[in-house]
There are 2 protein chains.
Amino acid sequence: MITNRNCIVRLSRYKKALYRFKAMGFVKFFSDTLGEAVGVAPSQVRKDFSLFGISGNRRGGYNLDQLIKKLQNILGKDQIQKVVVVGMGNIGKALISYRGFEKEGIQIVSVFDIDPAKFEKDQTVPVLPLNEFKSFVQDNNILIGIIAVPDIAAQQVLDMMSASGIRGVLNFAPIRLKSDKDTVISNVNFELELENLIYFVNAAEKQELINEDKIA
Amino acid sequence: MITNRNCIVRLSRYKKALYRFKAMGFVKFFSDTLGEAVGVAPSQVRKDFSLFGISGNRRGGYNLDQLIKKLQNILGKDQIQKVVVVGMGNIGKALISYRGFEKEGIQIVSVFDIDPAKFEKDQTVPVLPLNEFKSFVQDNNILIGIIAVPDIAAQQVLDMMSASGIRGVLNFAPIRLKSDKDTVISNVNFELELENLIYFVNAAEKQELINEDKIA
DNA sequence: TAGATTGTTAATCGATTAACAATC
DNA sequence: TAGATTGTTAATCGATTAACAATC
């Protein structure tokens with residue numbers, strides 16, 4: 001099993017690039033065409049493909065339709081992925097109003113919140129009481145959950161998710177969650193991203209000063 | 001100059017852990033205490049410190065207050081970091097209502113939008129017309145910007161940011177932006193994160209089936 | 001001092017890139 | 001066929017971990 005996150009991210013990027021190729025009317029492509037489009041070396045493309053047993057045609061490159069299907073299959077795009085969100089705050093709202101998921105086969109089927117004022121049972125994406133979470137998730141066989149609650153509530157929500165059968169969690173709360181090994185957690189942390197960015201901007205500014213000194 | 005993103009992420013985590021140590025009344029700490037708290041090897045801690053010229057006391061470990069100051073300094077926390085947001089949608093709202101930035105010295109000073117209905121000049125965090133962006137950013141010496149607009153507008157917003165003196169951009173639009181080399185871009189892509197998560201969940205499920213087979 | 005911990009060098013590990021024989 | 005591109009092996013690169021002499 002491939003455990004390298006970067007490699008999977010590249011597969012997603014390959015897929016996106018291949019959609020563009022298809023829209024441009026292409027029928028086949030080569031490892032260097034795709035590599036250039038995504039910004040990686042052609043040998044990286046071939047290596048990634050070979051890790052997943054994808055093969056092309058020596059001299060003839062790769063068949064576009066075939067590859068798109070293959071990548072969709074690897075990335076779980078061959079069936080609709082149903083996702084639930086806990087927390088109907090601004091993040092929750094941003095997620096359900098985001099139009100990009102649908103075309104990627106990701107479907108947010110419902111949101112759960114603890115605040116009765118937020119319940120909306122009749123919407124396309126209903127907002128339901130938290131105590132209906134477990135039965136809903138089990139009845140609908142949902143594997144993926146998104147935590148969009150304040151950090152103080154996040155661990156409790158994760159525990160509930162694990163206990164309900166959720167196997168993958170995207171966590172927006174800025175804390176480090178403890179989970180059993182059966183649940184995969186992926187964190188999105190705005191604070192950390194910004195702090196990182198600030199470091200690199202400062203570092204670049206300093207570097208520039210040094211370079212100017214050298215020139216002067 | 002250190003260019004390893006993971007290393008900087010670790011520094012942020014070290015800082016967070018040291019805050020906790022301080023809250024617990026500690027005065028000094030060792031590389032293995034910190035390593036355990038953050039989940040990295042003690043030699044990794046020492047290596048990271050040495051990359052930034054941070055030294056402790058052989059046998060005596062590291063002074064907590066001193067290290068916190070040092071890390072704050074490296075991460076640009078010794079002064080308030082002013083940030084502007086473009087796009088007053090759900091992401092924009094989520095960002096300005098997020099309480100965690102303040103204690104980290106990150107201050108969102110204003111949001112810009114193209115829709116007059118969203119302008120709110122008198123708020124703590126005002127929402128201003130996009131055409132005031134450049135002068136505002138230049139007058140206030142702002143280096144960091146967040147793109148929270150639909151993908152169709154993102155490249156244009158980035159170009160405006162670069163032209164206004166912004167040097168670091170956190171991009172929430174799900175497209176690959178082209179920038180001049182002077183501007184650092186960091187992408188947050190929910191779709192990509194979810195796709196990734198789905199892959200790893202599926203992979204784990206398959207792995208489990210294999211394991212069950214082996215046991216049976 | 002004796003013992004524990006740092007700081008740094010060397011070893012390991014994993015991922016990316018280069019090279020090239022196989023082959024369509 | 002000749003030439004171009006794959007698929008895979010080997011080389012390189014960079015980051016993490018281990019080891020240990022220096023030293024407080």
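The analysis underlying the following values was restricted to heavy atoms, covering all of them including side chains, and did not include hydrogens, waters or symmetry mates. Reminder, nothing fancy here: chain letters follow the sequence lines and each chain counts from 1.
- Here C/dT6 presents its P atom at 7 Å from CZ of B/Phe30, a figure rounded to the nearest Å.
- What separates CG of B/Asn63 from C1' of C/dT6 is a distance of 15 Å, to the nearest Å.
- In this structure, B/Ser55 has no side chain to side chain contact (heavy atoms under 4.5 Å, CB included) partners at least two apart in sequence or on a different chain.
- Applying the ring pair (Phe, Tyr, Trp, His ring centres under 6.0 Å) test to pairs two or more places apart or on separate chains, those with a residue in residues 174-200 of chain A are A/Phe190-B/Phe172.
- Sorted by first and then second residue, the ring pair (Phe, Tyr, Trp, His ring centres under 6.0 Å) pairs involving residues 48-98 of chain B (not counting sequence neighbours) are B/Tyr14-B/Phe49, B/Phe29-B/Tyr62, B/Phe49-B/Tyr62, B/Tyr98-B/Phe101.
- In this structure, the CG atom of B/Leu67 is 14 Å from the C1' atom of C/dG7, given to the nearest Å.
- Contacts of B/Gly60 with the nucleic acid, taken as non-hydrogen atoms under 4.0 Å apart, are absent.
- Under the side-chain hydrogen bond (donor to acceptor under 3.5 Å, both in side chains) criterion, B/Ser12 pairs with A/Glu195, sequence neighbours left out.
- Backbone-only engagement by B/Tyr62 is indicated by non-hydrogen atom pairs under 4.0 Å involving sugar-phosphate atoms exclusively.
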Taking only N/O atoms, report every protein-nucleotides 11-13 of chain C pair under 3.5 Å with atom names and distance.
none

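- Note on residues 37-64 of chain B: pairs passing salt bridge (charged side-chain N to carboxylate O under 4.0 Å, His left out), not counting sequence neighbours, are B/Arg10-B/Asp48.
- Atom CZ of B/Phe49 is separated from atom C1' of C/dT5 by 14 Å (rounded to the nearest Å).
- Contacts of B/Tyr19 classified as ring pair (Phe, Tyr, Trp, His ring centres under 6.0 Å), with partners at least two apart in sequence or in another chain: none.
- Distances shorter than 4.0 Å separate some side-chain N or O of A/Ser31 from OP1 or OP2 on D/dT6.
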#### Entry: Nucleotide-resolved protein contact map, nucleotides 15-24 of chain D, B/S/- at heavy-atom distance under 4.0 Å
SSBBB-BBSB
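- Qualifying side-chain hydrogen bond (donor to acceptor under 3.5 Å, both in side chains) partners for A/Asn140, counting only residues two or more places apart in sequence or in other chains: none.
- As a whole-Å value, the separation of A/Ile54 CD1 from D/dG7 P is 10 Å.
- At a cut-off of 3.5 Å, with distance as the only test, no side-chain donor of B/Asn189 or B/Glu193 sits close to an acceptor on the other residue.
- Residue pairs meeting the salt bridge (charged side-chain N to carboxylate O under 4.0 Å, His left out) criterion with at least one partner in residues 165-179 of chain B, sequence neighbours excluded, are absent.
- For A/Asp65, the side-chain hydrogen bond (donor to acceptor under 3.5 Å, both in side chains) criterion is met by A/Lys22, not counting sequence neighbours.
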### Message
Wobble G-U and Watson-Crick pairs count when both distances are under 3.5 Å; given that, what is the 5' to 3' dot-bracket string of DNA chain D, with | for pairing to other strands?
### Response
..||||||||||||||||||||||
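- The CZ-P distance, from B/Phe52 to C/dG7, rounds to 15 Å in whole Å.
- Here D/dT5 presents its P atom at 13 Å from CD of A/Glu36, a figure rounded to the nearest Å.
- Counting only distance, with no hydrogens or angles, the side chain of B/Lys77 and the backbone of B/Glu104 share a donor-acceptor pair below 3.5 Å.
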